[in-house]
There are 2 protein chains.
Amino acid sequence: MMRMHYTRDNMAGLLRSHDINPTHQRIEIAHALFSRQEHLSADQVMAIVNTRHSETSKATVYNTLKLFLEKGLVREVIVDPSKVFFDPNTSPHHHLYEVDTGKLSDIDAEQVQISGLPLLPAGMVTEGIDLIVRVRRKA
Amino acid sequence: MMRMHYTRDNMAGLLRSHDINPTHQRIEIAHALFSRQEHLSADQVMAIVNTRHSETSKATVYNTLKLFLEKGLVREVIVDPSKVFFDPNTSPHHHLYEVDTGKLSDIDAEQVQISGLPLLPAGMVTEGIDLIVRVRRKA
DNA sequence: TCCGGATATTAGACAAAGTCCAGATTGCCG
DNA sequence: CGGCAATCTGGACTTTGTCTAATATCCGGA
Ligand SMILES: [Mn+2]
Ligand SMILES: [Mn+2]
Ligand SMILES: [Zn+2]
Ligand SMILES: [Zn+2]
């Protein structure tokens, strides 16, 4: 997939296309995630956004990430019991998690086949299927 | 698989077979998990074990669950960003998570096939593959 | 049985992630 | 400019989990 350059200016349009009012703080937070294309925790986003001078509060970082999540701009990845990661890649994909380093990387869903899953309980719909491969350095 | 009845008396042998010294507290905690065969959080274990009268401290509950984990007596399930679940079922299996209720149930690994996973980075070994089907009640 | 060391448990202080709220700011429209 | 909705904020608060130093329990040997 051809990748565009994620400038702050592009962020406003991206936010608007997801029905999010583009404010200064929201643009900075989106830029932190999309320019890096990495999985970031709220704490990491907080640190990135406030590197030069403090300009975004903790409450806003959490509120904004939750808003992005609701609007489908980012995805949540739950692999570490101590923190949630936010993922700017919303296309269907899986994850490889290096347990000793905490490094998290993507596995394209295209090449992975999952079959034999049981039928869902009546009245239920799948919200998502998370596949996490946990690896560690060989002893 | 034929299932035995998990009495407190059985717990001592189970603990010993996993190289765990069976103390009163450890037996109670193991009994909470194995007699129910459910996924429990530390908090839930704490509540169960202290129903009649307070007899096990928070520190011991956490220490013991971690010990059980290290000794392979239980397994950790990470699906909810706010708490870890402990699973007395250590046979390979996957999970179905009902996001609105928090209900967690097992999916037998036998019938599920996962193929096409990429090769691991050199020097890495798989510690486990977690597959979580997230479902919610239809709108 | 008594002693001493190793093992296990404890209360409570602490830390980290995340939530909540009431007040201040901002942006926009008339 | 004045009003109003939307947004942002500091800081108190909650929850989950960790740590520590003191105590209690267990067990093997004299
Ligand atoms: Mn700035
Ligand atoms: Mn008892
Ligand atoms: Zn990802
Ligand atoms: Zn399970």
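Below, each value reflects all heavy atoms present in this structure, side chains not excepted, and no hydrogens, waters or symmetry copies. Sequence lines set the chain letters: A, B, ... in the order given, protein chains first and strands last, and positions in each chain run from 1.
- In this view, B:Lys66 satisfies the salt bridge (Lys or Arg N to Asp or Glu O under 4.0 Å) rule with no residue, not counting sequence neighbours.
- At a threshold of 4.5 Å between side-chain heavy atoms, the hydrophobic network of Ile, Leu, Val, Met, Phe, Trp and Tyr places A:Tyr6 and A:Leu40 in one connected group.
- Distances were taken from every side-chain heavy atom of B:Ala42 (C-beta onward) to each of D:dT9, C:dA17, D:dG17; the shortest belongs to D:dG17.
- A side-chain donor-acceptor contact under 3.5 Å links A:His95 and A:Asp87.
- Toward the 5′ end of DNA chain C lies the nearest nucleotide of B:Gln25, the other residue of the pair B:Pro81 and B:Gln25 mapping further downstream.
- Here the nucleotide nearest the side chain of A:Thr23, chosen from C:dA17, D:dT9, D:dT7, is D:dT7.
- Whole-Å rounding puts the A:Arg26 CZ to D:dT9 P distance at 11 Å.
- With hydrogens and angles left out, the side-chain atoms of B:Asp80 and B:Tyr97 include a donor and acceptor closer than 3.5 Å.
- Atom P of nucleotide D:dT9 and atom CD of A:Glu28 are separated by 12 Å, given to the nearest angstrom.
- Taking atom CD1 of residue A:Ile27 and atom P of nucleotide D:dT7, one finds them 13 Å apart after rounding to whole Å.
- Looking at heavy-atom distances under 4.0 Å, A:Thr56 makes contact with sugar-phosphate atoms alone, never a base.
- In this structure, B:Leu96 shares a hydrophobic cluster with A:Leu96, A:Ile107, A:Val112, A:Ile114, A:Leu117, A:Leu120, A:Met124, A:Ile129, A:Leu131, A:Val133, A:Val135, B:Ile107, B:Val112, B:Ile114, B:Leu117, B:Leu120, B:Met124, B:Ile129, B:Leu131, B:Val133, B:Val135, the cluster being traced through Ile, Leu, Val, Met, Phe, Trp and Tyr side chains under 4.5 angstrom apart.
- Both B:Thr60 and A:Ser82 lie close to DNA chain C; mapped to their nearest nucleotides by heavy-atom distance, the more 5′-ward contact belongs to B:Thr60.
- Taking side-chain N and O atoms only, B:Tyr62 has a distance below 4.0 Å to OP1 or OP2 of D:dG17.
- When only modelled atom types and interatomic distance are considered, B:Thr7 and B:Asp9 share no side-chain donor-acceptor pair under 3.5 Å.
- Other residues sharing a hydrophobic cluster with A:Ile78 under the 4.5 Å side-chain heavy-atom criterion for ILVMFWY residues are B:Ile78.
- Distances were taken from every side-chain heavy atom of A:Lys58 (C-beta onward) to each of C:dT10, C:dG18, C:dA8; the shortest belongs to C:dG18.
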Short N/O separations, protein against nucleotides 20-27 of chain D, under 3.5 angstrom:
none

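- Rounded to whole angstrom, the span from the CG atom of A:Leu67 across to the P atom of D:dT7 amounts to 8 Å.
- What separates CG of A:Asp80 from P of C:dG18 is a distance of 10 Å, to the nearest Å.
- When rounded to the nearest whole Å, the span between CG of B:Leu69 and P of D:dT18 equals 11 Å.
- A:Val84 and B:Ile132 are not part of a single hydrophobic cluster, where members link through side-chain heavy atoms under 4.5 Å apart.
- Across C:dG18, D:dG10, C:dT10, the shortest atom-to-atom separation from the side chain of A:Ser57 is found for D:dG10.
- Atom CG in A:Asp19 sits roughly 11 Å away from atom P in D:dT7 (whole-Å rounding).
- Listed by chain and residue number, A:Lys103 satisfy the salt bridge (Lys or Arg N to Asp or Glu O under 4.0 Å) test with A:Glu98 (two or more places apart in sequence, or in another chain).
- Rounded to whole Å, atom C1' of D:dT15 lies 17 Å from atom NZ of A:Lys83.
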Nucleotide by nucleotide, nucleotides 22-30 of chain C touches protein heavy atoms under 4.0 Å in the pattern (B base, S sugar-phosphate only, - none) ---------
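- By the criterion of side-chain heavy atoms lying less than 4.5 angstrom apart, applied directly or through intervening Ile, Leu, Val, Met, Phe, Trp or Tyr residues, B:Phe68 is not grouped with B:Val77; the two fall into different hydrophobic clusters.
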